[in-house]
There are 2 protein chains.
Amino acid sequence: MSEPDTDRPAAPDAATADRPVRTLADLARIAGVSTGTVSRALAGKSVVKGDTRKKIEALAQQHGFRLNQVASNLRRQRTGVIGIAIPLGHDRRQQVSDAFFMTLLGYLADALTEKGYDLMLRRVIPDRDEDWLDRFIGSGMVDGVLVIGQSDQFARIEEVAGRYRPMVVWGNHQEGQRHCVVGSDNRLGGKQAAERLIAQGARRLAFLGDPTATEFAARYTGAKSVADAHDVPMITLPTHLAPDRMAKEVASHMDQHAGAIDGIFAATDILAMVCLAELAGRQIAVPDDIRVVGFDDLPLAEQTAPPLTTVRQDIRAGAFGMVDLLLRRLAGEETESLVMQPELVVRQSA
Amino acid sequence: MSEPDTDRPAAPDAATADRPVRTLADLARIAGVSTGTVSRALAGKSVVKGDTRKKIEALAQQHGFRLNQVASNLRRQRTGVIGIAIPLGHDRRQQVSDAFFMTLLGYLADALTEKGYDLMLRRVIPDRDEDWLDRFIGSGMVDGVLVIGQSDQFARIEEVAGRYRPMVVWGNHQEGQRHCVVGSDNRLGGKQAAERLIAQGARRLAFLGDPTATEFAARYTGAKSVADAHDVPMITLPTHLAPDRMAKEVASHMDQHAGAIDGIFAATDILAMVCLAELAGRQIAVPDDIRVVGFDDLPLAEQTAPPLTTVRQDIRAGAFGMVDLLLRRLAGEETESLVMQPELVVRQSA
DNA sequence: ACAATTTATGCAATCGTTTGCAAAAGTCGA
DNA sequence: TCGACTTTTGCAAACGATTGCATAAATTGT
């Protein structure tokens, strides 16, 4: 260290070859200034003289220097990373690969990238890990958290929301809740679905999906209220979201009930698709024998046979909304929840 | 600070209420030991006396203490985070939400979580940001990198692979390449698709998809070689992957060519699905008038009408393979690429 | 040419953990 | 009871960047 040019075969500017320039201190030494100056120059602060800045920038470029973000994060107490938690509670086998979550995640990635944030993804299984949310928040690795889906963790999320501000959750809004949530009015969506089914002549309804998850429960309730108002019975066909189980369970439901119902409200488009395939296999005509309405309006809803009538959630708007709210909360603002109006998209399945 | 019990309304153990215990030093003070000891105790190192460890653990629990991961990362020079880069090069409008990538990402999340790693997701647009890969690697925020899709960045990835070990890429394998890649034998998959189409009687083939992306090019080449061997002509119908464009482009292709072809090899299942929907709309019978083969075998391939014959990539195995290879490279091992054999799944569309 | 400013830079503390080394405390046999 | 060990702990130096404060340099006015 004390004899710079002695050990190495000593090509004049050979530093480029074997990148010893990993830290601000290295760069400072080469540039003949202090680390403070280098830091300021690279940060684009105005206090550095033009010449010096240019020289430092050139050297940084030439030696391929990059700031160590971890050190920077530690010192600045901010990371530029938003945590995304996907709790897999109500259905442990549900894959992260669930189409709706993945679509939402894609848009979140777009929105956050646009604002200069990175995403840290964490898949959590709440019943194995009581402490998941606090661990994520307390790690210091994220500036804020987006939770995708309340799963069965409503209570815990509520509790944390009382003391941690920068958190926005995708899910269902309940009267008087504390945490900031973005989502569709699932109740209303459920109503729209049931109304359509009944308007199309259905008189014996079924709800296809697991009504213990908060969001699905609201969809169910909405549909049920309409069914009740029309004196139409509605049964529940509980179904897991894990792709491997789903098909079998739907098949079994159809075995038992296909003859006794003439309208199905599926809790998600994926369920509706599986259901359509199952009905087609049994030569049951859709919508003539059984009407089917889905929920989400994923891109593939347009491509089913017959094309799926479904309740549209604007996932992109939701994702951008979540990011917007989170950034405002990070800035200290108090924000309301964002409840979006779902919209019935009529195609041919009902 | 010098008079612990004076200022506050002084409930004996009131520290619990207003969490002042944020750092090891805080905890050390309360426990009456040094930070070093606390650190060791919480890390589960054997050098700490049982009693002391228990006491410290109890206090940590009681005050809801959590290690600051950022500081820990800095000191240990490892973060426990794997970076996932999704380059959107050959088709800038392609959403991160592309079904195949999302499925792969889901499995990667499963595999990495299982191994105790977090995921940091970064969506990159290479032509806007020359330096994307080096920036990601050099940030110090990730221990290794998985790249999902080579896009049109083959050269850059090759270059980086020469000096950065912990990187595994999903994509196509080319003769003599340096970077460690996991993917299917796309050429073989293409052959299988074409063979099936021809065996089912197709004599005028079309390849549906954009053959400039590396992986698709290999699928095309494989199919073409079989077509040539059978003296069967094959045209190319280039199509973007952006969901909004895709449908229109496929429709326009069908307008122009539907009458002139009797077998379609779609570069992805999604394309195949859109294609099926388009053909159904035109009353063209599948597979009688036109046979269709897809690629990927996404879960929804089973649910199309008619169910899709497709070339299966075992995405789950691929994801777990990528993670396995990456961890071995992190451990210093030298690893070969993993080229998986695709498998034709015969359903009803061809 | 000199004092009064305004700019640019350097110094050193700080962010919160981890860990090598040394000192303190505990254990044991004789 | 004392020396020779073995466990436990404390001390303080890293990890690499940022930033308030102080000093050095450049600029300005007179």
Side-chain angles (χ1 to χ4, degrees), chain A residues 1 19-57 59-60 63-81 118 134-135 137-143, chain B residues 1 19-57 59-60 63-81 135 137-143:
Chain A
M1 287 206 188
R19 317 207 162 226
V21 187
R22 307 226 64 82
T23 77
L24 275 189
D26 294 339
L27 199 51
R29 193 164 24 76
I30 297 181
V33 294
S34 77
T35 65
T37 303
V38 177
S39 173
R40 282 184 274 250
L42 263 35
K45 305 254 178 153
S46 52
V47 272
V48 184
K49 199 164 135 198
D51 301 356
T52 327
R53 146 122 28 97
K54 290 226 174 62
K55 182 169 81 178
I56 293 174
E57 278 171 351
L59 281 167
H63 292 86
F65 170 83
R66 302 163 206 282
L67 265 190
N68 182 318
Q69 289 298 335
V70 176
S72 177
N73 293 345
L74 173 59
R75 173 61 223 233
R76 300 177 32 201
Q77 299 289 86
R78 97 178 261 294
T79 64
V81 177
D118 277 311
D134 274 311
R135 278 243 304 268
I137 289 168
S139 70
M141 293 184 71
V142 297
D143 293 342
Chain B
M1 284 208 191
R19 318 209 161 223
V21 187
R22 307 223 64 80
T23 77
L24 276 188
D26 294 339
L27 199 51
R29 190 162 25 74
I30 297 182
V33 295
S34 77
T35 64
T37 303
V38 177
S39 173
R40 282 183 273 251
L42 263 35
K45 304 255 178 152
S46 52
V47 273
V48 183
K49 199 163 136 199
D51 300 356
T52 328
R53 144 123 31 97
K54 290 225 174 61
K55 182 169 81 179
I56 292 173
E57 278 171 351
L59 281 168
H63 292 85
F65 170 83
R66 310 169 197 275
L67 263 191
N68 181 318
Q69 289 298 336
V70 176
S72 177
N73 293 344
L74 174 59
R75 172 61 222 228
R76 300 175 39 204
Q77 299 289 86
R78 100 176 259 295
T79 64
V81 177
R135 279 243 303 266
I137 289 168
S139 71
M141 293 183 70
V142 297
D143 292 342

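Note that the structure is predicted; figures quoted are calculated from it, not measured. Naming convention: chains lettered A, B, ... in sequence-line order (proteins, then strands); numbering from 1 in each chain.
Contact between the side-chain N/O atoms of S34(A) and the OP1/OP2 oxygens of dT9(C) is not found at any separation under 4.0 Å. Residue S72(B) places no side-chain N or O under 4.0 Å from the OP1 or OP2 atom of dT17(C).
Interatomic distance, R40(A) CZ to S34(A) OG, rounded to the nearest 0.5 Å: 6.5 Å. Here the straight-line distance linking atom CG of L59(A) with atom CD1 of I30(A) works out to 6.5 Å at 0.5 Å rounding. The line from CG of L42(B) to CG of L24(B) is 7.0 Å long, rounded to the nearest 0.5 Å. In this structure, CG in D143(A) is found 3.5 Å from OG1 in T79(A), a value given to the nearest 0.5 Å. How far CG of N68(A) is from OG of S139(B): 8.0 Å, rounded to the nearest 0.5 Å. The CG atom of D26(B) sits 11.0 Å away from the OG1 atom of T35(B) when rounded to the nearest 0.5 Å.
The distance between atom CZ of R22(B) and atom P of dG16(C), rounded to the nearest whole Å, is 9 Å. R40(B) has its CZ atom 10 Å from the P atom of dT19(C), to the nearest Å. In this structure, the CZ atom of R78(B) is 14 Å from the C1' atom of dT18(C), given to the nearest Å. Rounded to whole Å, atom C1' of dG16(C) lies 13 Å from atom CG of L42(B). Computed from coordinates, the D51(B) CG to dA25(C) C1' distance equals 14 Å when rounded to whole Å. Separating the CG atom of L24(A) from the C1' atom of dT9(C) is a distance of 15 Å, rounded to the nearest angstrom. Nucleotide dG16(C) holds its C1' atom 16 Å from the CZ atom of R66(B), rounded to whole Å.
Nearest-nucleotide mapping onto DNA chain D: of T35(B) and T35(A), the residue sitting toward the 5' end is T35(B). Taking for each of R76(B) and V38(B) the nucleotide of DNA chain D with the nearest heavy atom, the 5'-most of the two is the partner of V38(B). Both K49(B) and L67(B) lie near DNA chain C, and the one whose nearest nucleotide falls closer to the 5' end is L67(B).
Listed nucleotides: dG10(C), dT18(C), dG16(C). Nearest to the side chain of R75(B): dT18(C).
Nearest heavy atom pair, residue L27(A) against residue V38(A), reads CD2-CG1, 3.8 Å.
Across all strands, V70(A) comes closer than 4.0 Å to no nucleic acid atom at all (heavy-atom distances).
Boundaries of the chain B contact region on DNA chain D are dT8(D) to dG16(D), first to last in 5' to 3' order (nucleotide atom under 4.0 Å from a heavy atom).
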